[in-house]
Amino acid sequence: MKIAFAQLSPVHGDTPATVALVAETARAAAADGARLIVFPECFLTGGSFDDRAALLQAAVDIERGDLAPLLLAAREADIHVVVGFYQKSGPQALNTAALIGPEGIIGLHHKMHLPFMIGDRFADIPQIEGPSVFDTAIGRIGLAICYEIRFPEVIRTLALEGAELVVLPAAWPEAARILPDLFSRVRAAENFVYFLSSNRIDVDDGMAFMGSSHVIGPDGNEIFNAGMQEGIFTVDIDLARARTKSIIRDPGVYEVHPFRDRRPQDYRICAAPAALGLEA
């Protein structure tokens, strides 16, 4: 199956124009045979704002129909799209990644972990109703956003819920180089999942992004990395590989079963920081 990511610059300060760009790019990816295309975090709206009012002014309102051109493109081109944006949902401002398919919006993931930087300073922590894992015609897809790669529990939960491909829209500056270089490989390998992250290559209010959008296989090996190239990049994957959660080199002699051998009853990951002797 072909999947793709776009490493592009949005139309700064113009959400409708960026929506149109995403729709056009999705059509182009579909014409090349891709069943899925992924765009970066906050791609539709930009990510840098000086206050909450400015963020809400730029935010996407799904109920207002702001995503209509993208929904149309996904339906007509028969492609799945993941794209990030700040969303206005009632009184809330949410950092959102939408999974859109030919049938419409399949699911939304709202960023749970918000670093105190850029627009996330003014966004709200969402009410979480469960892991962001969605069944699609192309496979079971899990969503997370950018900073959430630093929390192994997030990707592990998606894998435990059956995600075969984890998609993580990102907005990583050069200072976050360790994330695409190391964390992505580890998250893929420890969970036996495909991992796709799309990052920006432009500058947003003085913050320069480093590109390095990539696809990682379930073995932790990098399949493709776009570096600082601009464009649409397509790779072939076999999601069946992500359904095997064991390493068996010699049956009955050399077998490793990291999922079966888990002992969650013995882990203290839910303990309060104070109980662990850590700072809150």
Is any side-chain heavy atom of [X] closer than 4.5 Å to a side-chain heavy atom of [Y]?
X      : Y      : result
Val82  : Phe5   : no
Pro258 : Glu190 : no
Arg35  : Ile3   : no
Asp66  : Phe85  : no
Gln92  : Gln127 : no
Tyr86  : Asn95  : yes
Pro10  : Leu21  : no

Could you tell me whether the side chain of Lys2 and the main chain of Asp32 form a donor-acceptor pair under 3.5 Å? yes
Do the side chain of Asp51 and the main chain of Ala54 share a donor and acceptor less than 3.5 angstrom apart? yes
Could you pull out every donor-acceptor pair under 3.5 Å between side chains of residues 169-176 and any protein atom, sequence neighbours left out?
residue, atom, partner, partner atom, Å
Glu174, OE1, Arg177, NH2, 3.0
Glu174, OE2, Arg177, NE, 3.1

Kindly determine whether Arg249 and Ile247 satisfy side-chain contact (heavy atoms from CB on, under 4.5 Å), including the steps that lead there. CA-CA 6 Å; Arg249 305 202 188 283; Ile247 301 172; 3.8 Å; yes
Any chance you could lay out the side-chain contact (heavy atoms from CB on, under 4.5 Å) test for Phe183 and Ile178, step after step, and finish with the verdict? CA-CA 7 Å; Phe183 278 54; Ile178 192 174; 3.9 Å; yes
Assess whether atom [atom1] of [X] is packed by more than 12 heavy atoms of other residues, nucleotides or ligands within 6.0 Å.
X      : atom1 : result
Glu103 : CD    : yes
Ile105 : CD1   : yes
Asp50  : CG    : no

Between atom [atom1] of [X] and atom [atom2] of [Y], what is the distance when rounded to the nearest 0.5 Å?
X      : Y      : atom1 : atom2 : answer
Asp181 : Met210 : CG    : CE    : 6.5 Å
Ser132 : Met112 : OG    : CE    : 6.5 Å
Phe233 : Gln7   : CZ    : CD    : 6.0 Å
Asp204 : Cys42  : CG    : SG    : 9.0 Å
Ile223 : Asp236 : CD1   : CG    : 9.5 Å
Glu148 : Glu41  : CD    : CD    : 9.0 Å

Indicate the atoms forming the closest heavy-atom contact of [X] with [Y], along with that distance.
X      : Y      : answer
Leu108 : Ala98  : CD2-CB, 3.5 Å
Ile248 : Glu255 : CG2-CG, 3.8 Å
Thr157 : Glu153 : OG1-O, 2.7 Å
Phe39  : Ala6   : CE2-CB, 3.4 Å
His214 : Pro180 : CE1-CB, 3.4 Å
Ala188 : Ile216 : CB-CG2, 3.6 Å

Derivation and outcome, side-chain contact (heavy atoms from CB on, under 4.5 Å), residues Leu72 and Arg27: CA-CA 10 Å; Leu72 178 64; Arg27 292 179 190 274; 4.1 Å; yes
Should the pair Glu164-Arg243 be classified as a salt bridge under the 4.0 Å nitrogen-to-oxygen rule? yes
Between Arg140 and Asp135, is the closest basic N to carboxylate O distance under 4.0 Å? yes
Ring center gap for Phe49 and Phe122 short of 6.0 angstrom: no
Just do the salt bridge (charged side-chain N to carboxylate O under 4.0 Å, His left out) check on Arg52 and Asp124 with the steps written out, would you? CA-CA 10 Å; Arg52 183 179 172 91; Asp124 297 304; 2.9 Å; yes
Hydrophobic cluster membership, with links at side-chain heavy-atom distances under 4.5 Å among I/L/V/M/F/W/Y: are Ile62 and Ile106 in one? no
Should Thr25 and Ile37 be marked as a side-chain contact (heavy atoms from CB on, under 4.5 Å) after you check the CA-CA gap, both sets of side-chain angles, and the distance that decides it? CA-CA 9 Å; Thr25 304; Ile37 184 167; 3.8 Å; yes
Once you measure the plane-to-plane angle for Phe151 and His113, does it fall in the parallel (<30°), tilted (30-60°) or perpendicular (>60°) bin? parallel
